[in-house]
Amino acid sequence: MAREKFYLTTAISYPNGKPHIGHAYELIASDALARFQRLDGKDVFFLTGTDEHGIKMLQTARKEGISPRELADRNAAEFQRMGAALNSSNDDFIRTTEKRHHESSQAIWKAMAANGDIYKGGYAGWYSVRDEAYYGEEETELRPDGLRYGPQGTPVDWVEEESYFFRLSAYQDKLLALYEKNPGFIGPSERRNEIVSFVKSGLKDLSISRTTFDWGIPVPGDEAHVMYVWVDALTNYITAAGYPDTNAQRWHYWPADVHVIGKDITRFHAVYWPAFLMSAGIELPKRVFGHGFVFNRGEKMSKSVGNVIDPLALVDHYGLDQLRYFLLREVPFGQDGNYSHEAIVNRTNADLANDLGNLAQRSLSMIAKNCGGVVPKRGALSEADKAMLAQANAALATARKAMAEQAIHLALGAIFSVVAEANRYFAGQEPWALKKTDPERMETVLHTTAEIIRRVGLLCQPFIPGSAAKLLDLLAVPEDARDFDRLSDEHALVAGTALPAPTPVFPRYVEPEAAEA
Ligand code: ME8
């Protein structure tokens, strides 16, 4: 039977500078979502990339005295390097300056034009270069500094030029019907409400080309115009699936199951993008999820790390899985959150080093010492053993439901409540005391504990892939036996299997000053 497909994208980032923590956050979260679906048996296509056209790129390049292409090449490489450093499992990395993307953008333009939705006119209005966005005057405000700002707090400039327009006004009712019919189209619900009221307030036609610069994709049939950067940017999601070639090998992935984006760009994804697709006669994505922003609120971190917004410095300082775990567990996905030195250290030491790391180290060391370094025998299971094993399996159902709604923190919460319970179980069963009184029962308790660690290790793979792999290595779980279909009891650890010598997987974070002392 063909596996169910799952197509997930991140936003494509502007490579006008190096990646920052917000970019890392989005990629890590999307990676966890993609890995989860892969482990759950789906045929996943996970896309990320860079959004290389537009005035912002052009202006930054001018400031640096290089061409926009050089700027894009330099920083796209930084984004790829970040992906590797974060252990991102993306299947493709798209750059909007690629030939495949120019062809695709011109094809969607022609399809929208063929549907009668593009006309030439004159644009006069406000534009934010930082947001690459047009704003209605009522959305802007004049501040005491004499400058006008858009709704995201970025400065806007007055633009007046000949421009092609997209008949967005014609899609107002169709969009409202879409949100009505498909309440899951925009998540979380706060974002949905904002978008519904924005669309209800009335949609104006959208300026979709520029003539005052040429860093962009030429408008088909009118080379004096380049496409508005968002028309080309959004199109990346179908380019990577092979558009306009609907016989392409990847086309079956479209429509995307979820576009993961930051909340600041929900309007582009939940209003403009479905309207473009409806116009071009292309299926709509199933869901757009606008996550929150992460901010730095910890002074101490800046002292110990130096450049706090460089995600790779955070990885070097705290460890990759420590950072991944922290960001995914601490910040409810969809809401804004903060990161601070104390919060990262707390999570690292309390959840990873103490709860999971110690449990694994203590139980596996006991097995190494008392059971000849092989998986112990499992005798008759007590009610406590059974309840413990059942809880581990129930966590999959909870995580599956949570991950389908991008509630990543809830999935991790369910998995780590199994870890907490396993610690209570281990302490309560006192296998060290059973050693003398009932060695057979000791083996069963150690087997059950190791089996829980196997299940938790399997479930943790999407979030902390490197450390989860180490845990599973310690249990001699073969690499081809790590999908979620192996969670069930029939795949439990087999008594007598030789285990490697246990080594700690989650080091405690120790303050550099304390480590030196
Ligand atoms: O918006 N916390 O690119 P971008 C969390 N090229 N997420 C953040 C963040 C923060 N502090 N700062 C930014 C663009 N982001 C467009 C996208 S998609 C067709 C084109 C998120 O480099 C932001 O919300 O400004 C967006 O989802 C992503 O990082 C890239 O932002």
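Ligands are counted one by one from 1 in listed order, and the atoms in each one are counted from 1 as well. We're numbering straight along the sequence, starting at 1.
Geometric assessment of R267 against the ring of F198 yields a positive cation-pi assignment under the 6.0 Å and 45° thresholds. Judged by the 6.0 Å distance and 45° axis criteria, R347 is not positioned over the aromatic ring of F326. Both the sub-6.0 Å distance and the 45° axial angle are satisfied by R210 relative to the ring of Y127.
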Distance dump, ligand 1 polar atoms to protein, N/O, under 3.5 Å:
unit_1, atom_1, unit_2, atom_2, d
ligand 1, 2 (N), V294, N, 3.0
ligand 1, 6 (N), I12, O, 2.8
ligand 1, 6 (N), D51, OD2, 2.7
ligand 1, 11 (N), V294, O, 3.3
ligand 1, 22 (O), Y14, N, 2.9
ligand 1, 22 (O), H23, NE2, 2.8
ligand 1, 24 (O), G262, N, 3.4
ligand 1, 24 (O), D264, OD1, 2.5
ligand 1, 27 (O), E26, OE1, 2.5
ligand 1, 27 (O), G262, N, 2.8

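In this structure, F46 has its ring center no closer than 6.0 Å to that of Y253. Here the two rings, on Y228 and Y164, have centers that are 6.0 Å apart or farther.
For Y123, the ring-ring contact (aromatic ring centres under 6.0 Å, His included) test picks out Y134, with sequence neighbours left out.
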